[in-house]
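Side chains included, hydrogens not; waters and symmetry mates left out as well; all remaining heavy atoms used. Positions are given from 1 along the sequence.
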Amino acid sequence: MEFGVLMMDPVTSRAQWRDRVRRMEDDGVSTLQVSDHFDRSPVSPLLALAAAAQVTSRIRLGTLVLNNDFRQPAVLAKEIASLSVLCDGRLEIGVGAGWMDGDYEVSGIVREPAGRRIDRLDGTLQLLRALASGGPVDLDAPGVVVRDLRNVPAVTTAPRLFVGGGGRRVLTLAARNADVVGINFDVREGRLGAHATASASTAATDEKVGWVRAAAGSREPLLHLVAYWSEVTEDPQAAAARRIAALGLDLTPDQLLASPHALIGPVGAVAERLAELRERWGFGYVSFYESDMASMLPALERVAR
């Protein structure tokens, strides 16, 4: 099982960022990941990964995930090619259709209906896939019109392509195009509301994984999940109640603890839950918040034995 760490704490200096990413590499984490929000992300993701590449040598570097509405696709492809070379092929590019109302409100970017955003994501994925197979690329797709476009600089190792979502259409698109499919909440409301938290249930996860498997056919993409609520503790009920209160979630502690996105409990129980994620649903890749990693390391080490 691969483990990722989502870096959400503030970045205050070059030295602080350097020390944090080196610590994650030393801890044996598979992938260091940076999110893509205007207010909630600590730093610009592609720039942060370029800096991380200069002080690491083994850890994969990823985005979880880029909002496709924030960058013109040909410009994004140029940035990806450049970053892939600068990190010696350790790049994992996660991209999604965009979802959070707050990002659009503060930036002035128009949040169009989900269907149009997903159409444009499809166009971007077509472009990235075509460039990964070589070039030049001619493409006329939703949101993308390019002629004779090449990867400059030339990329010898194509980035691993990650697409995540919680709705059927995005997960179908991911299953047919991505190397990694992220099973996430359904955030069609544009915020972490009642619909999103309801979609974090066991039954909803069964349904989402079923959509992916049906669409993937003979393909076998790696399945990914973010364990948003993670903590090694002897009192899981209290830990769940504390997290519910902090986030204002409309859940009971038992409901939160039952979610596949929750890994809260003693070391042995968390390790068993990780095994369940792999055996029941086929998740081979799980990510945690950086702030939870110190607590989670004993459980991860047990699973790795």
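Residue Phe288 holds its CZ atom at 4.0 Å from CE of Met296, rounded to the nearest 0.5 Å. Between atom CG of residue Asp27 and atom CG of residue Leu300 there is a gap of 9.5 Å, rounded to the nearest 0.5 Å.
Salt-bridge annotation for Arg273 and Glu276: present, with a side-chain N of the basic residue lying under 4.0 Å from a carboxylate O of the acidic one.
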Practice problem: Go through the steps to decide whether Arg23 and Glu290 satisfy the test side chain to side chain contact (heavy atoms under 4.5 Å, CB included), and finish with yes or no. | Solution: CA-CA 11 Å; Arg23 184 166 60 252; Glu290 179 187 9; 4.1 Å; yes
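Of the possible polar contacts, one joining the Glu25 side chain to the Ser57 backbone as a donor-acceptor pair under 3.5 Å is found. Between the side chain of Asn67 and the backbone N or O of Asp69, at least one donor-acceptor pair lies under 3.5 Å.
By the 6.0 Å contact criterion, CD on Glu220 is open, its count of non-hydrogen atoms from other residues, nucleotides or ligands being 12 or less. Other residues, nucleotides and ligands place more than 12 heavy atoms under 6.0 Å from the CZ atom of Arg278. A 6.0 Å sphere centred on CZ of Arg168 holds no more than 12 heavy atoms belonging to other residues, nucleotides or ligands. Sparse packing is recorded around CG of Asp250, with 12 or fewer heavy atoms of other residues, nucleotides or ligands lying under 6.0 Å away. No more than 12 heavy atoms of other residues, nucleotides or ligands shown are found within 6.0 angstrom of CZ on Arg14.
Remark: the Arg90 side chain and the Thr56 side chain contain an N/O donor-acceptor pair separated by less than 3.5 Å. Side-chain N/O atoms of Trp281 and Asp206 include a donor and acceptor closer than 3.5 Å. If you check the side chains of Asn184 and Tyr228, you find a donor sitting under 3.5 Å from an acceptor.
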